[in-house]
Structure formats: structure tokens, C-alpha cells
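So you know, we letter chains A, B, ... as the sequences are listed, proteins then strands, and number each from 1. This is a predicted model, so every value here is computed, not measured.
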2 protein chains.
Amino acid sequence: MVGGGQLARMTHEAGIPLGIKFKLLSDTPQDSAAQVVSDVVIGDYRDLDTLRAFARGCDVITFDHEHVPTEHLRALEAEGIPVRPGPDALVHAQDKGAMRAKLDAIGVPCPRHRIVSDPADVERFAGEGGGDGSDGFPVILKTVRGGYDGKGVWLVRSSKEAAEPFLAGVPVLAEEKVPFVRELAANVVRSPHGQAVAYPIVESVQVDGVCDTVIAPAPDLSDELSTHAQQLALRIADELGVVGHLAVELFEVRDADGAPAVLVNELAMRPHNSGHWTQDGAITSQFANHVRAVLDLPLGDPRPRARWTVMANVLGGDYPDMYAAYLHCMARDPQLKIHMYGKDVKPGRKVGHVNTYGDDLADVRERAAHAAGYLRGTITE
Amino acid sequence: MVGGGQLARMTHEAGIPLGIKFKLLSDTPQDSAAQVVSDVVIGDYRDLDTLRAFARGCDVITFDHEHVPTEHLRALEAEGIPVRPGPDALVHAQDKGAMRAKLDAIGVPCPRHRIVSDPADVERFAGEGGGDGSDGFPVILKTVRGGYDGKGVWLVRSSKEAAEPFLAGVPVLAEEKVPFVRELAANVVRSPHGQAVAYPIVESVQVDGVCDTVIAPAPDLSDELSTHAQQLALRIADELGVVGHLAVELFEVRDADGAPAVLVNELAMRPHNSGHWTQDGAITSQFANHVRAVLDLPLGDPRPRARWTVMANVLGGDYPDMYAAYLHCMARDPQLKIHMYGKDVKPGRKVGHVNTYGDDLADVRERAAHAAGYLRGTITE
């Protein structure tokens, strides 16, 4: 696995029971996954020779993140090294322009969007959507590559605010600001021979552009829209040739007739924050199924084990030592599942998450929120 | 953790989510746990200087097996290194003579037993139990140290067969062969400040002296005997000062009035084969709770997550590559949980286990037995 973040850490954890040999390419020995894996190569994933040397002796390569240059993946593939997901699929998670073009081509509903060339073009894009008598602002601008967790994304209210995104020299995608009801996510896993499984659709609650809480399954979601969203994600996985885990971030909106519908926000082709609940809430976790897919093994059952499962992210706060908070959290809730990443605490940084499950959603949410807040230091009782 | 076997491997797996730093003392880099842990010291646990050097920088030491010499543990403790379980407790899992003496002293029911000095003494021991008109044979002989999985244990039918156990020069314990109804196990976990949790009592089915299947909870066990067995194990943990996981292997017998009762067979102070079902069948696994106990963190909920969970051991068979069998097993049963240890396959060697769970015991047992048999190669369809 390329990339030493928490997704690799948790993928290793899920791979141990299968007896597979897990090799990691990590930036530093201190990275989250490098702390817990025995076979670690330290190196730069942007360097093709480093990737080549790392890949030697691997049966298959997969990823903790989307940042390996697409041309390097093509070079590895050309040399006969299985890369899963492959570059032809992964490019759609790397390049938001390529993603939107492909989703348009296969008829998947997206927010109104187009590549824009400069601030004046942003004003034209806004005007194209101003048919309701407004000026069409605010508009969302995204660099097509390099963004994550709200980085590389701008909300602009006029062309005057639209200069910064163009400074990096990367193509900029403009999107309408969708008046969504809430955010959902569809998580599916697909193997090379085309078997696929779909997890229940979840609700993702964002705070300041960062995922705060995930509720599985999404409350008050009709069976019809749930099935539609799962089928949409399965179709995207198939059309794009995804191998491994695919997360489809969705906006739930109301269509012209006021009926619930979904638009695709983002794609991620790796285990994803919206699937962390599966570690304790599903029969087979997203990490275990990602491993199985990448190795072309039959996939595990994605169904939930509890009526409700809630995941809450733990962000870094004022306390550098979160360990002391374990005493309170574990004593208060013996059913709490803590997942820490071994990262240095920095304010606002994702350093872990907690999962809770049970029959009473209000109780399950309260327990997750309390533990995440206490670990961060924003709750002290 | 001292010892690189599968118990250390699975303890590391359970420790990853807690963000703890796990250091391993392993005989070789190929050992089960050494394959998946980053911080591994290769060395001999029988050498005190090796143990001392390993312990440097550890907050606490715990064990994958009972074989570290008791005097070395006392030396480490005397130097201020927390050893959990400590030598005063662990000696009862290391030395069957010490175990029986202690259980007698605290009034825990055991099979009739005493230390015997030679074959003639074995005949006297048999005769002491021959009040029913029989000659008192067969008798079980055990070396008080060094046995496991049927090794170091002999069933003798006369004093003529009783020579071999005395050859090693280790004290020999004689025990009556108990006419048990079945074997049960009580698994409890205790922390340094005395908090303790008890898992449901399980039935352990042995084949050729090796654990084959564990059923959780034990079927057709009265609430009364179940609670009694849990309390017995909790009392042993407390009286012996156990820290961490304690497995109490039990014989279910009928007392003089024909009522169900239990006798203590063996003790193990570490995660135990009879607790492997907890990985997929309990809210908190035995491995997670062992880690929490050893670190003096509040313990997790030991209650089951399913009506029935069945664990079946996978023994080495004719196929050196068990991986090929994954295709069949995973496709046949998407809910199957496989736990392989990364060990070389040798006939009869424990190389992994599987867990299944559900509402229908017959179905859950069939699935576990099928998968274990298929992985071993004794079932081919």
C-alpha cells in the first residue's frame, strides 16, 4: 500500500487476520501506518524509481491516498505490476475535471459545473445559473487536483473574490452551490472480476468543511432513494472500472417537483471516512473488503450488525496526550469503540474516530459525540 | 509482549485502534506476530539480560505464553518493571503443582490429585481412588511445567505405563481421570485495580487433546451453573492476583446427587483459544480487554453480539498454501471470519481459526466446521 496515513494503518489491521503480507511505502517512519507495520519502505511516492523498487515483489499495489501521479501508475502497469484501482479509474478521483466529464458522459446527476479560465469566466458561469433572477453567486471553485478536506476549495460571492484559485496554475472547476438538504455517502466495493457489494447509505454531517459525524444508515431515507443511491454508486464503480473501495459523496436535494434526489459531490477510490462505521457496525469492514477486492478474493457481507451505528471524528484539540482521556471515556461507556491513529495532536487535525452502536439513535449519537468531544477536550465532564 | 506467537499477533491487531506502541520480543523474525509488528526485538526469553534490554522503555510487560522463568519475572519486578500478570500470579499457570495447591487452599473444586514420586507411587495414588471396587486406573500424569496442547500429559492404565513422565526429572502430578460430561471454559479479565469482567461460559470440544471447536455460549447450560462458573473464575482471578486475561478450563461433571457441577482442569493467564470467538462474537474481544487490563484502563463490555458464535480451529493439513481455499470459503459464506496466523503449515499444527455467528446454532456450527475442514483440506467440496 502506498501512503502511510490512517487508512493504511486500518487496512493493515484488517489484513492481519487474512494472513496476507502487507508492505508499506511511507513518507516517514513516524507516519500513522508505519508505526504498526513490519515491512515499511521509506520513500517519496512522487518518484517513479522509488515506486518501482517498492513494487518489486508485491502481487498488487493499492493506495492510502489519490496523490500518486497518474503517469507513474501507467508506467507501473505497463511494466506488468497490477495497480488497483488502476490509473484509468483512479484519474477520476485525482482530477475533478475528469470526474465531472465522465459522470456527465454516463448520465450521472451532478451539480451544474464547468471548467473556468479566469475571474471574468467565473462571473459568466454564475450568470448562466442566474435564471432565477439572482446573480448566480455564490459559486464554488475547486482546483481539479490536490484538494482534500476543504483544502483547494473556495466559496466565492463575486468575481472579485475569485482570483486566488487561479494562482496555482491548475485548472479550476466552477460548481453551483447546491441548496442541499443534507450530505449522504454511498460506499461500494468492487473486485477485478466485477463482483460488487454496497453498504447502507449513510448521512455525513460536516462541520467547517470536515466530516464530523456519520450515521449509518441515514435516518429517514426512503427505501427508494436508498436503493437508487446504491445503484448509482455501483454503476459508477462499474463504468469507471474501479477496483477496491469507492466512496461516492452525495448531496440530497429536492427536484423540480419537490421529490428527494441525489447529486454526486465527490469520489474517493480507497477506504473513506464515511465508511469507518463499518469497522464495528458491519459484518465486513470497508478495510477488509478493500483488501479482498484488491486481491480478487470474494467479498464479505456488507450488511449492518446493529440497528444504528454512529462514527464521530476525533480532532486534535488542546491536549497533546489523549491517552489520559481514555480513563473517562472507557469507564463511561464500556461499549465505546476507539480508533486512534497514533498521530501527533495538532488543533483541528483528524487524529482518530470513535464508533458507537445500538437500537436508540439519540443515545448512540450522544455517546459518540461525548467521547469525540471529551477526547478532543471540548467536553470536560 | 514477550513471545511471537499468534496470541501476540492478535493482541497487536487489537491494540492498533488504541494507538498504543506495541513492542515484541520474538524468537525469530518469522514468528507469527513478528511478521506484522513494527517494533520487534529478536531474542531468547529465557535469558534475563535479553529480557532486561527488551523491557527498557516499556511501560508494562505481558506475555504470549507461560514459559518465561518465574525467577526472571521476579528480577524484572524487583528492578521496577511492571510485569502483568506478575510472577506471584503467573506461577499458577506455569506450575500445575502450585496451581493445584493454591486452588485446594482457596476451596476451588478440582479433580482428585497429588504429586507422585515414581511409578509405585502412581499405583498407590490410583488405589486411593479405587474405593468403587476398581483399581483406580486410568490415571492422568502431568509434568508440572512445560506442557501444552496435550504435550507433557499421559494417560496411564497401570504403573507399568507410568515410567516415561518421570524421565524429565520434573515433578509429576497425578490426577484422576474425571468422567466429565463435557468441557467448558470460563474467560475473565481483571485489571490491576481489581475491575473484572466475565465472558459467557463456553463449551470447548476437544479432538485428540487439542481444542477443535468452541461454542459460545455453552448450549443447555443452566443460568445457575453458568453464573457459578463465572463467579468461580472471578474468584480465582482475585485470589491469585491475576492481571489480564484468565482462562479457566473446566470439566462439567455430575455430583453425588446427579446435579451438574464443575471442576477446574487448567488455568491460562493470557488470551486463550477458548476466547477467540470474542473477536467477532463479543462487544469487546479478549485481546482488546487483555490490553486494557494490562494498561490499567477501564475494561470493555464482554457481552455477546450474536445469539451464537462458534470458533473452529484450522489445523495444518496436506495443503501448504491455504490461500487458495479462501476463494471457496469466502464465496460460500460471505459472513465467515477467517483468522490466519501466518504460520508454515505442518500437519496437525494450529495455523488459524474461523468464527461464525448467527441465530441458528446448527447452521453456525456447520459453517464453522465446513470452513475449518476446507482450509485444512479434509473437506473438498
Query raised in the report: Do you know which of A/Met10, A/Gln279, A/Gln35, A/Gln6 has the most heavy-atom pairs under 4.5 Å to chain B?
Result: A/Gln35

**Report entry** Among A/Asp296, A/Ile338, A/Leu299, A/Val40, residue most engaged with chain B (heavy-atom pairs, under 4.5 Å)
**Finding:** A/Ile338

Best-contacting candidate, [options], against chain A by heavy atom pairs under 4.5 angstrom:
| options | value |
| --- | --- |
| B/Asp301, B/Thr284, B/Val351, B/Val197 | B/Asp301 |
| B/His339, B/His353, B/Arg303, B/Glu13 | B/Glu13 |
| B/Ala306, B/Pro302, B/Ala331, B/Cys329 | B/Ala331 |
| B/Gly19, B/Gly15, B/Ser38 | B/Ser38 |
| B/Arg305, B/Gln335, B/Met340 | B/Arg305 |

Any side-chain to backbone donor/acceptor pair from [X] onto [Y]? Under 3.5 Å, distance only.
| X | Y | result |
| --- | --- | --- |
| B/His12 | B/Val36 | yes |
| B/His245 | B/Arg270 | yes |
| B/Tyr326 | A/Leu18 | yes |

Less than 4.5 Å to any heavy atom of chain A: does that hold for the side chain of [X], its backbone, both, or neither?
| X | answer |
| --- | --- |
| B/Ala34 | backbone |
| B/Lys337 | side chain |
| B/Leu295 | both |

**Report entry** Whether over 12 other heavy atoms sit under 6.0 Å from A/Arg365 CZ
**Finding:** no

Requested in this report: Indicate yes or no: does A/Asp39 engage A/Lys21 in a salt bridge with an N to O separation below 4.0 Å.
Outcome: no

Query raised in the report: Side chains of A/Arg84 and A/Ile61: closer than 4.5 Å at any heavy-atom pair?
Result: no

Query - Criterion side chain to side chain contact (heavy atoms under 4.5 Å, CB included) against A/Leu24, the qualifying member of A/Asp64, A/Ile42, A/Val37 - result: A/Val37

**Report entry** Side chain / backbone / both / neither for A/Asp333 at chain B, heavy atoms under 4.5 Å
**Finding:** neither

Query raised in the report: Can you check side chain to side chain donor-acceptor pair (under 3.5 Å) on A/His370 and A/His328, steps first, answer last?
Result: CA-CA 11 Å; A/His370 181 92; A/His328 169 88; 3.0 Å; yes

